[in-house]
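Take a look at the structure below.
Quick note on labels: first sequence line is chain A, next is B, and so on, each numbered from 1. Note that these values count all heavy atoms, side chains included, but never hydrogens, waters or copies made by symmetry.
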Amino acid sequence: MNAIIPLVLDTLSSAALIFFAAVGLTLVFNVLRVLNVAHGSFYSIGAYVAASICAFIVSRHLNPYLSFVALLFSAALVAVVLGPLIESTLIRWTYGKSEAVQILITFGLFLILEDLQRMVFGVQSFYEDTPMRLMGSSSIGGVVYLNYQMFLVAMAVIVVFGLRLLIKHSRLGRLVTAVVADREMAQSIGVDTNKIFILAFSLGVFLAALGGALAVPTSGVAPGLGADTMVLAFAVAAIGGLGQIEGAALAALIVALARVLAIYFVPSLDAVAPYAAMLIVLLVRPYGLFGAITTRRI
Amino acid sequence: MSTSILQVRDLHVEFNGVKAADGVSLDINEGEFLAVIGPNGSGKTTLLNLCTGYVRPKSGSIHLDGRAITGLTPRAITRRGVARAFQIPQLFSDQSVLDNMMLALAAKDGLWTMVRPLAQPARREEATALLDLVGLRDDKNRVSRTLPEGHRKLLDIAVALALKPRLLLLDEPTSGVSTLERFSLMEALMSALRSRNITALFVEHDMDVVARYANRVLVWNAGTVMAQGHPDEVFKDERVLKNVVGVA
């Protein structure tokens, strides 16, 4: 029993961070039908901005609980600044283009964003764990566990249900669904489809940046985080089925379980485990757990 | 004297050398129900496409309330108060009848209400009232693709009405509708137009419908306006009888 509790808790908290890395990618694909290779960069930029703001709060001896606000604020800041700018100048030109063109364009964007991060934040690692220290720890079944990791799980659950509520019931979600179903029809009733696309893309950027910001207290941020996140996010999106939010949540759990099991029993396979899980799932279900076969328009 | 709300001047459009509009000028007056008739392929639907931004003219101009709308996008023209019901109803097929209505009612709202629920009580009430007006209240929870053609036509019209237009353009509102349903559809439409002070232009092949409901008829033939006037006068015109009524 004592071995199972930490395994479950580690899996859940790891799944939460993996989910944040992938959900924005899958949302953007669902709405805009764009495979955004630069998605991992938004995650790392969110992490750098959150680490910088938290470090500023600490250095100025401000109320340390402001660091929680800083995590959310950083994600919102990255989304508001980069979302509309990148969607309207670059992503918009990839709509309706082949996946190869989309991947080439967004890969170019990824390279630019990675270099920009090195120019702005340097090549050193940032580590800022104030939020995690403030939350302390608890003993669960005799095992001491960081409350911050439970906070991550709660945040992921809130995001899953919040996104579902937003897409199924809000005006934005319903208009997005309408635009995805028939863009021309949506325009004919006066929907500003450009605005809808900007909002949807910025929401995807926000989710990625939020993931990066929330990860800072547990793992810090270092160059290369964007690339690692991007590969992992694609694995999760492939397992869940591209475009499926609930699929991303379940896939994050599968990937996290594979990784935690590897760490516990065969540590040398830690890095390989998520992709082995992806291969097994795709061999059985080539379109992912929740994906459906779509007809290609020629 | 009635005021002209739409002014079309010297429009020229051609597709692969075929003239769909050849120097056409016309006015639509406030409050009127103008019918456009003509043989198949004469360019009637092109007129609607020009007025709603789906086709751009080679030359000429279109003004709505004195402001140029030539070359604007369909969305921009919709936002200026021109709505359209299509010959083949354009609906969100997987959405319910009520949701189609609420999406149309919510389409033009501002950015700040984006995260509020689509199904606001006031919006639901307004959508239900419009469905009542066209006789679709009992269908409101049905998925729109499961409706019979006549009801899909009515829903398309109700969606257009939900956009609160000043000018409504209808492309063959009674085509595909059974003879029994045809006049009840037109009665529902006329009552909705009158109660909301909406001016309308409709392309139609059914001369009984035109004679009964139009205030004015415009006869379109080979990209030009062959005749126009009150239905009684137009239907006595020899050229119209020979070239249009007999073949429409």
Side-chain angles (χ1 to χ4, degrees), chain A residues 27 30-31 72 75-76 79-80 83-84 87-88 92 95 158-207 210 243 245 292 294-295, chain B residues 48-49 52-54 72-86 88-96 98-120 123-124 127 143-145 155-156 158-165 169 171:
Chain A
L27 176 84
N30 190 6
V31 177
L72 277 175
V80 166
E87 196 282 337
S88 53
R92 189 168 294 175
Y95 298 151
I158 289 169
V159 167
V160 171
F161 286 102
L163 274 181
R164 190 166 178 79
L165 209 63
L166 188 79
I167 288 170
K168 297 281 176 194
H169 299 287
S170 76
R171 185 172 150 250
L172 171 64
R174 300 302 301 275
L175 287 176
V176 163
T177 313
V179 171
V180 171
D182 191 336
R183 185 175 175 179
E184 212 167 85
M185 167 70 192
Q187 283 174 330
S188 80
I189 61 168
V191 176
D192 188 340
T193 49
N194 286 341
K195 197 188 285 174
I196 295 288
F197 287 153
I198 286 176
L199 286 171
F201 185 76
S202 302
L203 180 60
V205 173
F206 171 77
L207 290 167
L210 181 65
I245 287 159
T294 52
T295 3
Chain B
L48 302 195
N49 287 337
T52 46
Y54 287 90
L72 292 184
T73 62
R75 188 184 72 81
I77 293 174
T78 302
R79 288 187 167 231
R80 297 226 175 156
V82 180
R84 176 173 180 182
F86 293 81
I88 299 165
Q90 301 289 301
L91 302 166
F92 295 114
S93 301
D94 293 331
Q95 307 268 2
S96 73
L98 189 64
D99 283 351
N100 266 278
M101 293 301 298
M102 288 197 292
L103 282 167
L105 286 167
K108 292 188 275 185
D109 288 357
L111 191 65
W112 300 110
T113 59
M114 279 291 190
V115 291
R116 294 178 70 185
L118 177 73
Q120 300 272 340
R123 193 176 286 142
R124 183 184 287 270
V143 176
S144 63
R145 77 179 123 77
L155 178 57
D156 197 24
V159 165
L161 291 172
L163 302 174
K164 301 181 178 69
L169 308 177
D171 198 352

- request: Please check if atom NZ in K164(B) has more than 12 non-hydrogen atoms from other residues, nucleotides or ligands closer than 6.0 Å.
  value: yes
task: For each of R116(B), M102(B), R84(B), tally heavy-atom pairs with chain A at distances under 4.5 Å, and name the one with the top tally.
output: R116(B)
query: Of the listed residues (P74(B), A104(B), A106(B)), which shares the most heavy-atom pairs with chain A below a 4.5 Å separation?
result: A106(B)
message: On a heavy-atom basis, which atom in T113(B) and which in R171(A) lie closest, and how many Å separate them?
response: OG1-NH1, 2.7 Å
task: Check whether Q90(B) gets within reach of chain A through its side chain, its backbone, both or neither, counting any heavy atom under 4.5 Å.
output: both
query: If you measure from CG on D156(B) to CE on M185(A), what distance do you get to the nearest 0.5 Å?
result: 6.5 Å
message: Using only atom types and a distance under 3.5 Å, with no angle test, would you say the side chain of T78(B) pairs donor to acceptor with the backbone of I189(A)?
response: no
query: Of the backbone (N, CA, C, O) and the side chain (C-beta and beyond), which part of K195(A) lies under 4.5 Å from a heavy atom of chain B, both, or neither?
result: side chain
message: Need one label for L165(A): side chain, backbone, both or neither, based on atoms under 4.5 Å from any heavy atom in chain B.
response: neither
query: Looking only at heavy atoms, what is the nearest atom pair of A178(A) and F92(B), with distance?
result: O-CE2, 3.4 Å
field: Contact check, side chains of I196(A) and M114(B), non-hydrogen atoms, under 4.5 Å
entry: yes
query: What's the verdict on side chain to side chain donor-acceptor pair (under 3.5 Å) for Q95(B) and R174(A), showing C-alpha distance, side-chain angles and the deciding distance?
result: CA-CA 10 Å; Q95(B) 307 268 2; R174(A) 300 302 301 275; 2.7 Å; yes
- prompt: Contact part of I77(B) toward chain A, heavy-atom cut-off under 4.5 Å: side chain, backbone, both or neither?
  reply: neither
- prompt: Has R124(B) got more than 12 heavy atoms of other residues, nucleotides or ligands less than 6.0 Å from its CZ?
  reply: no
field: side-chain contact (heavy atoms from CB on, under 4.5 Å), paired with L175(A), selected from D109(B), L118(B), L103(B)
entry: L103(B)
